[in-house]
There are 2 protein chains.
Amino acid sequence: MRISALAAEAGLPVATVKYYLREGLLQPGTATSATQASYDESHVRRLRLVRALTGPVGLSVQQARAVLQLVDEPGDDLYSTLGRAVGTLPPDGARPADDAADPYPRARAALEALGQVYDPEFAAVAQLEGALAAADDAGMSITPERLAAYGRAAADLAAYDLERMPTEPRAAVEYTVLGTALYEPVLLALRRLAHQDAAVRRLGRDA
Amino acid sequence: MRISALAAEAGLPVATVKYYLREGLLQPGTATSATQASYDESHVRRLRLVRALTGPVGLSVQQARAVLQLVDEPGDDLYSTLGRAVGTLPPDGARPADDAADPYPRARAALEALGQVYDPEFAAVAQLEGALAAADDAGMSITPERLAAYGRAAADLAAYDLERMPTEPRAAVEYTVLGTALYEPVLLALRRLAHQDAAVRRLGRDA
DNA sequence: ATGATTGGATAGTTGTACTCTCCAATATTA
DNA sequence: TAATATTGGAGAGTACAACTATCCAATCAT
(Lines give C-alpha, C1' and ligand atoms only; values in the text may rest on other atoms or scores of the structure.)
Protein backbone atom coordinates (compact mmCIF):
# COMPACT_ATOMS: atom_id res chain seq x y z
CA MET A 1 0.00 0.00 0.00
CA ARG A 2 1.44 3.36 -0.98
CA ILE A 3 0.93 6.64 0.81
CA SER A 4 -2.12 7.76 -1.13
CA ALA A 5 -3.90 4.48 -0.44
CA LEU A 6 -2.96 4.75 3.22
CA ALA A 7 -4.29 8.29 3.38
CA ALA A 8 -7.51 7.28 1.67
CA GLU A 9 -7.93 4.34 4.04
CA ALA A 10 -7.58 6.60 7.05
CA GLY A 11 -9.66 9.38 5.56
CA LEU A 12 -6.88 11.94 5.75
CA PRO A 13 -5.17 14.19 3.19
CA VAL A 14 -1.84 12.87 1.99
CA ALA A 15 -0.20 16.06 3.23
CA THR A 16 -1.36 15.31 6.75
CA VAL A 17 0.00 11.77 6.64
CA LYS A 18 3.33 13.17 5.53
CA TYR A 19 3.17 15.61 8.40
CA TYR A 20 2.61 12.81 10.92
CA LEU A 21 5.55 10.94 9.41
CA ARG A 22 7.76 13.99 9.80
CA GLU A 23 6.62 14.47 13.37
CA GLY A 24 7.28 10.87 14.27
CA LEU A 25 3.68 9.99 15.09
CA LEU A 26 3.56 7.43 12.29
CA GLN A 27 6.27 4.84 11.79
CA PRO A 28 7.92 5.05 8.31
CA GLY A 29 6.90 2.49 5.73
CA THR A 30 9.41 0.03 4.31
CA ALA A 31 11.23 1.75 1.45
CA THR A 32 10.99 -0.15 -1.81
CA SER A 33 13.04 2.33 -3.81
CA ALA A 34 14.37 5.86 -3.61
CA THR A 35 10.94 7.35 -4.09
CA GLN A 36 8.61 4.65 -2.92
CA ALA A 37 7.64 3.08 0.37
CA SER A 38 4.96 0.62 1.27
CA TYR A 39 2.57 0.73 4.21
CA ASP A 40 0.35 -1.89 5.76
CA GLU A 41 -2.52 -2.43 8.19
CA SER A 42 -0.35 -1.44 11.13
CA HIS A 43 0.01 2.02 9.65
CA VAL A 44 -3.73 2.34 9.20
CA ARG A 45 -4.28 1.33 12.81
CA ARG A 46 -1.67 3.79 13.97
CA LEU A 47 -3.29 6.63 12.07
CA ARG A 48 -6.63 5.80 13.65
CA LEU A 49 -5.00 5.86 17.05
CA VAL A 50 -3.35 9.20 16.30
CA ARG A 51 -6.66 10.70 15.27
CA ALA A 52 -8.34 9.33 18.37
CA LEU A 53 -5.69 10.89 20.59
CA THR A 54 -5.54 14.26 18.84
CA GLY A 55 -9.30 14.41 18.42
CA PRO A 56 -11.66 13.32 21.20
CA VAL A 57 -8.91 12.89 23.77
CA GLY A 58 -7.67 16.36 22.89
CA LEU A 59 -3.94 15.77 22.92
CA SER A 60 -1.53 18.01 21.08
CA VAL A 61 0.75 16.41 18.54
CA GLN A 62 3.61 16.59 21.04
CA GLN A 63 1.59 14.90 23.76
CA ALA A 64 0.36 12.24 21.38
CA ARG A 65 3.92 11.52 20.32
CA ALA A 66 4.99 11.12 23.95
CA VAL A 67 2.13 8.73 24.66
CA LEU A 68 2.82 6.69 21.54
CA GLN A 69 6.49 6.41 22.35
CA LEU A 70 5.64 4.95 25.73
CA VAL A 71 3.31 2.43 24.14
CA ASP A 72 5.92 1.55 21.52
CA GLU A 73 8.85 1.19 23.88
CA PRO A 74 7.65 0.79 27.42
CA GLY A 75 10.35 0.59 30.05
CA ASP A 76 10.51 -2.69 31.91
CA ASP A 77 8.95 -0.90 34.86
CA LEU A 78 5.21 -0.62 34.44
CA TYR A 79 4.92 1.70 37.39
CA SER A 80 7.29 4.36 36.08
CA THR A 81 6.01 4.02 32.54
CA LEU A 82 2.52 4.78 33.71
CA GLY A 83 3.83 7.66 35.75
CA ARG A 84 5.49 9.18 32.73
CA ALA A 85 2.44 8.61 30.60
CA VAL A 86 0.16 10.40 33.02
CA GLY A 87 2.60 13.30 33.09
CA THR A 88 2.20 13.76 29.36
CA LEU A 89 -1.58 13.88 29.47
CA PRO A 90 -3.45 17.12 30.02
CA PRO A 91 -4.29 19.01 32.09
CA ASP A 92 -0.89 20.28 33.11
CA GLY A 93 -0.34 20.36 36.82
CA ALA A 94 0.64 23.19 39.12
CA ARG A 95 4.30 24.16 39.10
CA PRO A 96 5.85 22.86 42.32
CA ALA A 97 6.74 26.23 43.93
CA ASP A 98 10.43 26.76 44.30
CA ASP A 99 10.60 26.31 48.05
CA ALA A 100 10.51 22.55 48.19
CA ALA A 101 8.66 22.33 51.51
CA ASP A 102 5.17 20.98 50.90
CA PRO A 103 4.76 21.91 47.24
CA TYR A 104 1.27 20.43 46.97
CA PRO A 105 -0.54 21.28 50.19
CA ARG A 106 -4.10 20.88 48.99
CA ALA A 107 -3.42 17.64 47.19
CA ARG A 108 -1.51 16.24 50.13
CA ALA A 109 -4.34 17.04 52.52
CA ALA A 110 -6.86 15.53 50.15
CA LEU A 111 -4.96 12.31 49.66
CA GLU A 112 -4.25 11.92 53.35
CA ALA A 113 -7.92 12.35 54.08
CA LEU A 114 -8.65 9.64 51.55
CA GLY A 115 -6.03 7.41 53.11
CA GLN A 116 -4.37 6.89 49.78
CA VAL A 117 -0.83 5.82 49.06
CA TYR A 118 0.75 8.27 46.64
CA ASP A 119 4.06 9.28 45.18
CA PRO A 120 4.57 13.07 45.28
CA GLU A 121 6.53 12.84 42.05
CA PHE A 122 3.55 11.40 40.25
CA ALA A 123 2.25 14.02 37.81
CA ALA A 124 -1.35 13.52 38.86
CA VAL A 125 -0.52 15.00 42.26
CA ALA A 126 0.40 18.30 40.62
CA GLN A 127 -2.69 18.00 38.45
CA LEU A 128 -4.86 17.54 41.53
CA GLU A 129 -3.19 20.50 43.20
CA GLY A 130 -3.84 22.65 40.16
CA ALA A 131 -7.45 21.56 39.91
CA LEU A 132 -8.12 22.18 43.62
CA ALA A 133 -6.39 25.56 43.43
CA ALA A 134 -8.45 26.48 40.38
CA ALA A 135 -11.67 25.62 42.20
CA ASP A 136 -10.55 27.72 45.18
CA ASP A 137 -9.56 30.65 43.01
CA ALA A 138 -12.87 30.53 41.22
CA GLY A 139 -14.71 30.65 44.52
CA MET A 140 -16.02 27.10 44.23
CA SER A 141 -13.83 25.33 46.76
CA ILE A 142 -14.33 21.63 47.08
CA THR A 143 -15.44 20.50 50.50
CA PRO A 144 -13.65 17.58 52.15
CA GLU A 145 -16.94 15.76 52.03
CA ARG A 146 -17.22 16.15 48.27
CA LEU A 147 -13.64 15.13 47.85
CA ALA A 148 -14.36 11.99 49.79
CA ALA A 149 -17.34 11.23 47.57
CA TYR A 150 -15.33 11.76 44.41
CA GLY A 151 -12.45 9.76 45.82
CA ARG A 152 -14.74 6.85 46.56
CA ALA A 153 -16.07 6.87 43.00
CA ALA A 154 -12.54 7.07 41.63
CA ALA A 155 -11.48 4.15 43.78
CA ASP A 156 -14.38 2.06 42.48
CA LEU A 157 -13.33 2.79 38.92
CA ALA A 158 -9.69 2.06 39.61
CA ALA A 159 -10.53 -1.26 41.24
CA TYR A 160 -12.58 -2.25 38.21
CA ASP A 161 -9.83 -1.28 35.79
CA LEU A 162 -7.03 -2.90 37.74
CA GLU A 163 -8.85 -6.23 37.91
CA ARG A 164 -8.92 -6.31 34.15
CA MET A 165 -5.35 -5.28 33.49
CA PRO A 166 -3.50 -7.79 31.29
CA THR A 167 -0.64 -9.60 33.00
CA GLU A 168 1.81 -9.45 30.11
CA PRO A 169 3.88 -6.27 30.68
CA ARG A 170 3.66 -4.85 27.16
CA ALA A 171 -0.08 -5.32 27.03
CA ALA A 172 -0.39 -3.89 30.53
CA VAL A 173 1.36 -0.69 29.50
CA GLU A 174 -0.83 -0.28 26.45
CA TYR A 175 -3.96 -1.02 28.46
CA THR A 176 -3.05 1.45 31.16
CA VAL A 177 -1.75 4.27 29.00
CA LEU A 178 -4.41 4.12 26.34
CA GLY A 179 -7.10 3.30 28.88
CA THR A 180 -6.29 6.45 30.79
CA ALA A 181 -6.28 8.58 27.66
CA LEU A 182 -9.28 7.06 25.93
CA TYR A 183 -11.63 6.25 28.79
CA GLU A 184 -11.45 9.59 30.54
CA PRO A 185 -13.56 11.37 27.93
CA VAL A 186 -16.09 8.57 28.20
CA LEU A 187 -16.30 9.01 31.95
CA LEU A 188 -16.75 12.77 31.64
CA ALA A 189 -19.50 12.41 29.07
CA LEU A 190 -21.24 9.84 31.25
CA ARG A 191 -21.01 12.12 34.24
CA ARG A 192 -22.60 14.97 32.32
CA LEU A 193 -25.34 12.68 31.09
CA ALA A 194 -25.89 11.30 34.56
CA HIS A 195 -26.37 14.86 35.75
CA GLN A 196 -28.96 15.36 33.10
CA ASP A 197 -30.69 12.11 33.94
CA ALA A 198 -30.71 12.96 37.64
CA ALA A 199 -31.95 16.47 36.96
CA VAL A 200 -34.79 15.27 34.78
CA ARG A 201 -35.87 12.65 37.29
CA ARG A 202 -35.64 15.08 40.15
CA LEU A 203 -37.22 18.10 38.54
CA GLY A 204 -39.74 16.05 36.61
CA ARG A 205 -39.03 17.64 33.27
CA ASP A 206 -39.76 15.68 30.12
CA ALA A 207 -37.18 16.17 27.41
CA MET B 1 -8.39 50.48 41.73
CA ARG B 2 -6.92 51.23 38.32
CA ILE B 3 -5.90 48.74 35.72
CA SER B 4 -2.30 48.34 36.85
CA ALA B 5 -3.38 47.61 40.42
CA LEU B 6 -5.94 45.13 39.12
CA ALA B 7 -3.32 43.41 37.01
CA ALA B 8 -0.89 43.26 39.92
CA GLU B 9 -3.60 41.85 42.20
CA ALA B 10 -4.36 39.10 39.73
CA GLY B 11 -0.72 38.48 38.90
CA LEU B 12 -1.15 39.21 35.21
CA PRO B 13 0.50 41.66 32.80
CA VAL B 14 -1.57 44.75 32.12
CA ALA B 15 -1.57 43.88 28.43
CA THR B 16 -3.30 40.61 29.19
CA VAL B 17 -5.97 42.28 31.27
CA LYS B 18 -6.59 44.67 28.39
CA TYR B 19 -6.83 41.69 26.09
CA TYR B 20 -9.47 40.05 28.30
CA LEU B 21 -11.39 43.31 28.33
CA ARG B 22 -11.31 43.47 24.54
CA GLU B 23 -12.43 39.87 24.30
CA GLY B 24 -15.30 40.39 26.70
CA LEU B 25 -14.05 37.97 29.35
CA LEU B 26 -13.74 40.78 31.88
CA GLN B 27 -16.49 43.31 32.52
CA PRO B 28 -15.37 46.93 31.90
CA GLY B 29 -14.65 49.07 34.93
CA THR B 30 -16.65 52.19 35.67
CA ALA B 31 -15.16 55.05 33.70
CA THR B 32 -14.15 57.99 35.84
CA SER B 33 -12.88 60.11 32.97
CA ALA B 34 -11.96 59.77 29.33
CA THR B 35 -8.77 57.91 30.13
CA GLN B 36 -9.47 56.38 33.49
CA ALA B 37 -11.64 53.64 34.83
CA SER B 38 -11.86 52.03 38.23
CA TYR B 39 -12.05 48.34 39.04
CA ASP B 40 -13.00 46.52 42.22
CA GLU B 41 -12.97 43.14 43.94
CA SER B 42 -15.46 41.73 41.48
CA HIS B 43 -12.94 42.27 38.69
CA VAL B 44 -10.23 40.52 40.65
CA ARG B 45 -12.54 37.56 41.24
CA ARG B 46 -13.48 37.46 37.58
CA LEU B 47 -9.86 37.41 36.51
CA ARG B 48 -9.18 34.52 38.86
CA LEU B 49 -12.11 32.67 37.38
CA VAL B 50 -10.90 33.35 33.85
CA ARG B 51 -7.45 32.01 34.69
CA ALA B 52 -8.96 28.93 36.30
CA LEU B 53 -11.03 28.24 33.20
CA THR B 54 -8.29 28.88 30.65
CA GLY B 55 -5.65 27.13 32.75
CA PRO B 56 -6.43 23.89 34.61
CA VAL B 57 -9.82 23.45 33.00
CA GLY B 58 -8.20 23.94 29.60
CA LEU B 59 -10.81 26.11 27.93
CA SER B 60 -9.98 28.35 25.01
CA VAL B 61 -10.78 32.03 25.33
CA GLN B 62 -13.86 31.51 23.18
CA GLN B 63 -15.12 28.67 25.31
CA ALA B 64 -14.44 30.56 28.51
CA ARG B 65 -16.39 33.53 27.18
CA ALA B 66 -19.34 31.30 26.35
CA VAL B 67 -19.32 29.75 29.81
CA LEU B 68 -19.03 33.12 31.52
CA GLN B 69 -21.87 34.57 29.50
CA LEU B 70 -24.12 31.74 30.67
CA VAL B 71 -23.16 32.37 34.27
CA ASP B 72 -23.71 36.10 33.85
CA GLU B 73 -27.02 35.89 32.10
CA PRO B 74 -28.58 32.50 32.59
CA GLY B 75 -31.84 31.94 30.81
CA ASP B 76 -34.80 31.34 33.06
CA ASP B 77 -34.64 27.70 32.06
CA LEU B 78 -31.97 25.92 34.10
CA TYR B 79 -32.23 22.82 31.99
CA SER B 80 -31.43 24.50 28.67
CA THR B 81 -28.80 26.73 30.21
CA LEU B 82 -26.95 23.71 31.49
CA GLY B 83 -27.35 22.05 28.11
CA ARG B 84 -25.79 25.01 26.37
CA ALA B 85 -23.01 25.21 28.92
CA VAL B 86 -22.04 21.60 28.47
CA GLY B 87 -22.00 22.12 24.72
CA THR B 88 -19.35 24.78 25.07
CA LEU B 89 -17.04 22.61 27.15
CA PRO B 90 -14.47 20.36 25.53
CA PRO B 91 -14.14 17.78 24.20
CA ASP B 92 -16.12 18.49 21.07
CA GLY B 93 -18.55 15.81 20.16
CA ALA B 94 -18.92 13.78 17.00
CA ARG B 95 -20.57 15.55 14.11
CA PRO B 96 -24.10 14.14 13.79
CA ALA B 97 -23.71 12.47 10.35
CA ASP B 98 -25.87 14.06 7.72
CA ASP B 99 -28.42 11.27 7.41
CA ALA B 100 -30.47 12.03 10.45
CA ALA B 101 -31.39 8.42 11.21
CA ASP B 102 -29.66 7.34 14.40
CA PRO B 103 -26.79 9.83 14.44
CA TYR B 104 -25.32 8.53 17.70
CA PRO B 105 -25.64 4.74 17.58
CA ARG B 106 -23.00 3.86 20.16
CA ALA B 107 -24.13 6.49 22.63
CA ARG B 108 -27.77 5.50 22.19
CA ALA B 109 -26.99 1.85 22.85
CA ALA B 110 -24.92 2.74 25.87
CA LEU B 111 -27.54 4.99 27.42
CA GLU B 112 -30.32 2.52 26.76
CA ALA B 113 -28.29 -0.18 28.46
CA LEU B 114 -27.85 2.13 31.44
CA GLY B 115 -31.56 2.85 31.47
CA GLN B 116 -30.93 6.57 31.40
CA VAL B 117 -33.22 9.32 30.28
CA TYR B 118 -31.46 11.50 27.76
CA ASP B 119 -32.05 14.26 25.26
CA PRO B 120 -30.35 13.51 21.92
CA GLU B 121 -29.80 17.22 21.44
CA PHE B 122 -27.73 17.39 24.60
CA ALA B 123 -24.11 17.98 23.59
CA ALA B 124 -22.80 15.31 25.95
CA VAL B 125 -24.48 12.68 23.77
CA ALA B 126 -22.27 13.66 20.84
CA GLN B 127 -19.31 13.78 23.18
CA LEU B 128 -20.03 10.26 24.36
CA GLU B 129 -20.39 9.09 20.78
CA GLY B 130 -17.06 10.63 19.88
CA ALA B 131 -15.34 9.13 22.89
CA LEU B 132 -16.74 5.66 22.24
CA ALA B 133 -15.84 5.90 18.56
CA ALA B 134 -12.32 6.98 19.46
CA ALA B 135 -11.89 3.99 21.75
CA ASP B 136 -13.17 1.70 18.99
CA ASP B 137 -10.88 3.24 16.39
CA ALA B 138 -7.91 2.90 18.68
CA GLY B 139 -8.65 -0.78 19.16
CA MET B 140 -9.64 -0.36 22.80
CA SER B 141 -13.40 -0.76 22.55
CA ILE B 142 -15.30 -0.37 25.78
CA THR B 143 -17.25 -3.43 26.81
CA PRO B 144 -20.86 -3.03 27.86
CA GLU B 145 -19.80 -4.30 31.26
CA ARG B 146 -17.22 -1.54 31.67
CA LEU B 147 -19.70 1.01 30.45
CA ALA B 148 -22.11 -0.17 33.12
CA ALA B 149 -19.43 0.17 35.79
CA TYR B 150 -18.51 3.69 34.66
CA GLY B 151 -22.16 4.62 34.37
CA ARG B 152 -22.79 3.51 37.93
CA ALA B 153 -19.91 5.63 39.21
CA ALA B 154 -21.15 8.60 37.19
CA ALA B 155 -24.65 8.17 38.61
CA ASP B 156 -23.27 8.15 42.16
CA LEU B 157 -21.44 11.39 41.49
CA ALA B 158 -24.43 12.99 39.87
CA ALA B 159 -26.67 12.07 42.77
CA TYR B 160 -24.22 13.62 45.19
CA ASP B 161 -23.96 16.82 43.16
CA LEU B 162 -27.66 17.18 42.55
CA GLU B 163 -28.48 16.87 46.24
CA ARG B 164 -26.29 19.87 46.91
CA MET B 165 -27.51 22.07 44.09
CA PRO B 166 -28.74 25.47 45.33
CA THR B 167 -32.43 26.11 44.86
CA GLU B 168 -32.16 29.72 43.76
CA PRO B 169 -32.01 29.60 39.93
CA ARG B 170 -29.08 31.94 39.43
CA ALA B 171 -26.99 30.13 42.00
CA ALA B 172 -28.04 26.80 40.54
CA VAL B 173 -26.77 27.78 37.11
CA GLU B 174 -23.46 28.95 38.51
CA TYR B 175 -23.12 25.81 40.61
CA THR B 176 -23.87 23.53 37.73
CA VAL B 177 -21.87 25.27 35.02
CA LEU B 178 -18.80 26.00 37.11
CA GLY B 179 -19.09 22.71 38.93
CA THR B 180 -18.97 20.85 35.65
CA ALA B 181 -16.00 22.82 34.40
CA LEU B 182 -14.01 22.94 37.63
CA TYR B 183 -14.70 19.57 39.22
CA GLU B 184 -14.01 17.43 36.18
CA PRO B 185 -10.24 17.93 36.35
CA VAL B 186 -10.39 17.02 40.03
CA LEU B 187 -12.19 13.82 39.24
CA LEU B 188 -9.70 12.88 36.54
CA ALA B 189 -6.74 13.53 38.81
CA LEU B 190 -8.35 11.47 41.56
CA ARG B 191 -8.97 8.64 39.15
CA ARG B 192 -5.35 8.61 38.07
CA LEU B 193 -4.24 8.67 41.68
CA ALA B 194 -6.67 5.92 42.60
CA HIS B 195 -5.14 3.83 39.85
CA GLN B 196 -1.75 4.41 41.34
CA ASP B 197 -2.96 3.59 44.82
CA ALA B 198 -4.63 0.42 43.62
CA ALA B 199 -1.57 -0.59 41.62
CA VAL B 200 0.76 -0.08 44.55
CA ARG B 201 -1.48 -2.04 46.89
CA ARG B 202 -1.95 -4.80 44.40
CA LEU B 203 1.58 -5.13 43.11
CA GLY B 204 3.11 -4.47 46.48
CA ARG B 205 5.48 -1.81 45.27
CA ASP B 206 6.68 0.82 47.68
CA ALA B 207 6.89 4.29 46.18
C1' DA C 1 7.97 6.53 -23.68
C1' DT C 2 5.23 9.48 -21.51
C1' DG C 3 2.14 11.28 -18.20
C1' DA C 4 0.92 10.47 -13.33
C1' DT C 5 2.47 9.49 -8.62
C1' DT C 6 5.75 9.20 -4.97
C1' DG C 7 8.76 10.49 -0.99
C1' DG C 8 11.04 14.11 0.93
C1' DA C 9 12.13 18.84 1.85
C1' DT C 10 10.77 23.61 2.30
C1' DA C 11 7.71 27.22 2.55
C1' DG C 12 3.17 29.10 3.29
C1' DT C 13 -1.41 29.39 5.71
C1' DT C 14 -4.63 29.71 9.43
C1' DG C 15 -5.94 30.32 14.07
C1' DT C 16 -5.07 31.31 18.93
C1' DA C 17 -3.33 33.81 22.72
C1' DC C 18 -1.17 36.95 23.86
C1' DT C 19 2.30 41.24 23.74
C1' DC C 20 3.93 45.66 22.07
C1' DT C 21 3.60 50.30 20.47
C1' DC C 22 1.20 54.59 20.11
C1' DC C 23 -1.38 58.38 21.54
C1' DA C 24 -3.91 61.95 23.58
C1' DA C 25 -5.95 62.65 28.03
C1' DT C 26 -5.29 62.60 32.79
C1' DA C 27 -2.78 61.92 37.33
C1' DT C 28 0.94 62.53 40.25
C1' DT C 29 4.94 64.66 41.92
C1' DA C 30 8.48 68.24 42.40
C1' DT D 1 2.35 74.86 38.04
C1' DA D 2 5.48 72.52 35.42
C1' DA D 3 7.47 68.18 34.50
C1' DT D 4 6.93 63.38 34.51
C1' DA D 5 4.37 59.15 34.68
C1' DT D 6 0.24 56.41 33.87
C1' DT D 7 -4.04 55.36 31.77
C1' DG D 8 -7.57 53.40 28.48
C1' DG D 9 -8.14 52.20 24.04
C1' DA D 10 -6.96 50.76 19.40
C1' DG D 11 -4.02 48.47 16.14
C1' DA D 12 -0.17 46.01 14.80
C1' DG D 13 3.13 42.54 15.81
C1' DT D 14 4.81 38.02 17.73
C1' DA D 15 5.16 33.08 18.73
C1' DC D 16 3.59 28.70 18.37
C1' DA D 17 0.73 24.85 16.72
C1' DA D 18 -1.30 22.16 13.14
C1' DC D 19 -1.76 21.63 9.17
C1' DT D 20 -1.49 22.57 3.74
C1' DA D 21 0.71 23.62 -0.57
C1' DT D 22 4.50 23.67 -3.76
C1' DC D 23 8.64 21.66 -5.79
C1' DC D 24 11.50 18.27 -7.64
C1' DA D 25 13.85 14.40 -9.20
C1' DA D 26 13.02 9.52 -9.20
C1' DT D 27 10.00 5.94 -10.20
C1' DC D 28 5.49 3.64 -11.82
C1' DA D 29 1.81 2.45 -14.74
C1' DT D 30 0.18 2.13 -19.44
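Quick caveat: nothing in here was measured; it's all calculated off a predicted structure. Lettering follows sequence order; numbering is per chain, from 1.
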So, is [X] near the phosphate of [N], with a side-chain N or O under 4.0 Å from OP1 or OP2?
{"X": "B:R51", "N": "C:dA17", "answer": "no"}
{"X": "A:Q62", "N": "D:dA17", "answer": "yes"}
{"X": "A:S33", "N": "D:dC28", "answer": "yes"}

Which part of the nucleic acid, if any, lies within contact of [X], taking any heavy atom under 4.0 Å across all strands shown: a base, the sugar-phosphate backbone alone, or nothing?
{"X": "A:S4", "result": "sugar-phosphate"}
{"X": "A:A34", "result": "sugar-phosphate"}
{"X": "A:A15", "result": "base"}
{"X": "A:E23", "result": "nothing"}
{"X": "B:T54", "result": "nothing"}

Margin query: Please determine whether a side-chain nitrogen of the Lys or Arg among B:E145 and A:R164 lies less than 4.0 Å from a carboxylate oxygen of the Asp or Glu.
Written below: yes
Margin query: Check A:R45 with B:D137, please: is the shortest side-chain N to carboxylate O separation under 4.0 Å?
Written below: no
Separation of [X] atom [atom1] from [N] atom [atom2], in whole Å?
{"X": "A:R2", "N": "C:dG8", "atom1": "CZ", "atom2": "P", "answer": "14 Å"}
{"X": "B:Q63", "N": "C:dT16", "atom1": "CD", "atom2": "P", "answer": "10 Å"}
{"X": "A:K18", "N": "D:dA21", "atom1": "NZ", "atom2": "P", "answer": "12 Å"}
{"X": "A:Y19", "N": "D:dT22", "atom1": "OH", "atom2": "P", "answer": "19 Å"}

Check: Of A:T35 and A:R22, whose closest DNA chain D nucleotide lies nearer the 5' terminus?
Finding: A:R22
Notebook entry, point to check: Where the side chain of B:T16 is defined as all heavy atoms beyond and including C-beta, which of C:dG7, D:dC28, C:dC18 is the nearest nucleotide?
Noted result: C:dC18
Check: Considering only side-chain heavy atoms of B:V61, which listed nucleotide, D:dG8, D:dC28, C:dA17, is closest?
Finding: C:dA17
Notebook entry, point to check: Which is it for A:D72 and A:R46 under the salt bridge (Lys or Arg N to Asp or Glu O under 4.0 Å) test, yes or no, and what are the steps along the way?
Noted result: CA-CA 11 Å; A:D72 288 344; A:R46 174 55 79 101; 2.6 Å; yes
Item checked: Residue pair A:R108, A:E112: steps toward the salt bridge (Lys or Arg N to Asp or Glu O under 4.0 Å) verdict -> CA-CA 6 Å; A:R108 185 179 45 71; A:E112 277 171 12; 3.6 Å; yes
Notebook entry, point to check: Between A:E129 (side chain) and A:R106 (backbone), is there a donor-acceptor pair under 3.5 Å?
Noted result: yes
